[in-house]
Amino acid sequence: DQQVKQNSPSLSVQEGRISILNCDYTNSMFDYFLWYKKYPAEGPTFLISISSIKDKNEDGRFTVFLNKSAKHLSLHIVPSQPGDSAVYFCAARGGAGGTSYGKLTFGQGTILTVHP
Amino acid sequence: DTGVSQDPRHKITKRGQNVTFRCDPISEHNRLYWYRQTLGQGPEFLTYFQNEAQLEKSRLLSDRFSAERPKGSFSTLEIQRTEQGDSAMYLCASSLAGQETQYFGPGTRLLVL
């Protein structure tokens, strides 16, 4: 039962353009969403997050959008840089009282490649 | 460096052997989590602690796996009688209770031959 899905295994973007990474979820009890970036042989690095009471959160070049009715979130990177090339994971945390509270449920990841 | 640390970074073992991994969380964090990641997948939750209490265990955590956090600081994850299917990256994360962001360590990559 894949509660968090990233349907695009990979994305290739030109330097300077926008990268859009997508994530869908099924569990309506999720109340907090996070994006992590991961390089090979390293642990995930926290990028940006959003609470379910918001629909947008921005931090520098990174913006996360949440559409609760569609159970969909996206990460926008503008402008994209070659150093952004990595695997990106979305993750969701369950709300208090739910079975997913405390732990994070991750998608399968999207490999982003930014070409110079 | 005040981040999450894990030891060892790599472990190669033979099937049937026992292995133990250590995680040191960020010093003021009272929650500690273990995840497992296999190739092409996202991290999967195994278990988590608040202080020394183990609050939740995934059904992925068979009886060959045991985790401890005896003094509410560092944690160990032991796998007994390892199997080839245990080969994975084992990730540790920590957070402050009430704060949603979990910070991950570099992971321990286990290979069972």
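Chain letters run A, B, ... following the sequence lines, proteins first, then strands; residues in each count from 1. Note that these values count all heavy atoms, side chains included, but never hydrogens, waters or copies made by symmetry.
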Novice: Around atom CD1 of A:Ile53, are there more than 12 heavy atoms of other residues, nucleotides or ligands at under 6.0 Å?
Specialist: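 Open: at most 12 neighbouring heavy atoms sit under 6.0 Å from CD1 of A:Ile53.
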
Novice: So how far is it from A:Glu42 CD to B:Phe104 CZ, rounded to the nearest 0.5 Å?
Specialist: 14.0 Å

Novice: For B:Arg15, does the CZ atom sit with more than 12 other heavy atoms under 6.0 Å from it, leaving out its own atoms?
Specialist: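 Count not over threshold, so no.
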
Novice: Counting a contact as any heavy-atom pair under 4.5 Å apart, which residues of residues 71-94 of chain B contact chain A?
Specialist: B:Met89, B:Leu91

Novice: Is there a path of hydrophobic side-chain contacts, each under 4.5 Å between heavy atoms, that joins B:Phe45 and A:Phe46?
Specialist: yes

Novice: Please name the pair of heavy atoms, one in B:Glu100 and one in A:Leu34, separated by the smallest distance, quoted to 0.1 Å.
Specialist: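 Between these two residues, the closest heavy atoms are O-CD2, 4.1 Å.
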
Novice: Can you say whether A:Ala41 sits under 4.5 Å from chain B via the side chain, the backbone, both, or neither, judging by heavy atoms?
Specialist: backbone

Novice: Once side-chain contact (heavy atoms from CB on, under 4.5 Å) is applied, do any residues pair with A:Asn7, and if so which ones, sequence neighbours excluded?
Specialist: A:Lys5, A:Asp24

Novice: Please determine whether the number of non-hydrogen atoms from other residues, nucleotides or ligands lying under 6.0 Å from atom CD of B:Glu68 exceeds 12.
Specialist: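 At most 12 heavy atoms, drawn from other residues, nucleotides or ligands, come within 6.0 Å of this atom.
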
Novice: Does some side-chain heavy atom of A:Lys38 sit less than 4.5 Å from a side-chain heavy atom of B:Gln37?
Specialist: yes

Novice: Under the ring-ring contact (aromatic ring centres under 6.0 Å, His included) rule, collect the residues that match up with B:Tyr33, sequence neighbours excluded.
Specialist: B:Tyr48

Novice: Quick test of your reading: applying disulfide bond (SG atoms under 2.5 Å apart), list the pairs with at least one residue in residues 25-73 of chain A, sequence neighbours left out, ordered by first then second residue.
Specialist: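 Residue pairs passing disulfide bond (SG atoms under 2.5 Å apart), neighbours aside: none found.
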
Novice: May I ask whether A:Ile20 and A:Leu112 are part of the same hydrophobic cluster, defined by side-chain heavy atoms of I, L, V, M, F, W, Y residues being less than 4.5 angstrom apart, directly or through others?
Specialist: no

Novice: Looking at OG1 of B:Thr101 and CG of A:Leu104, how far apart are the two atoms once the value is rounded to the nearest 0.5 Å?
Specialist: 9.0 Å

Novice: Rounded to the nearest 0.5 Å, how far does CG of B:Leu55 lie from NZ of A:Lys103?
Specialist: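 So the NZ of A:Lys103 and the CG of B:Leu55 are separated by 13.0 Å.
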
Novice: Could you check which of B:Gly40, B:Gly42, B:Pro43 has the highest count of heavy-atom pairs closer than 4.5 Å to chain A?
Specialist: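 If we count pairs closer than 4.5 Å to chain A, B:Pro43 comes out on top.
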
Novice: Consider only side-chain heavy atoms of I, L, V, M, F, W and Y, link residues closer than 4.5 Å, and tell whether A:Ile18 and A:Leu11 are in one cluster.
Specialist: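 Different clusters.
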
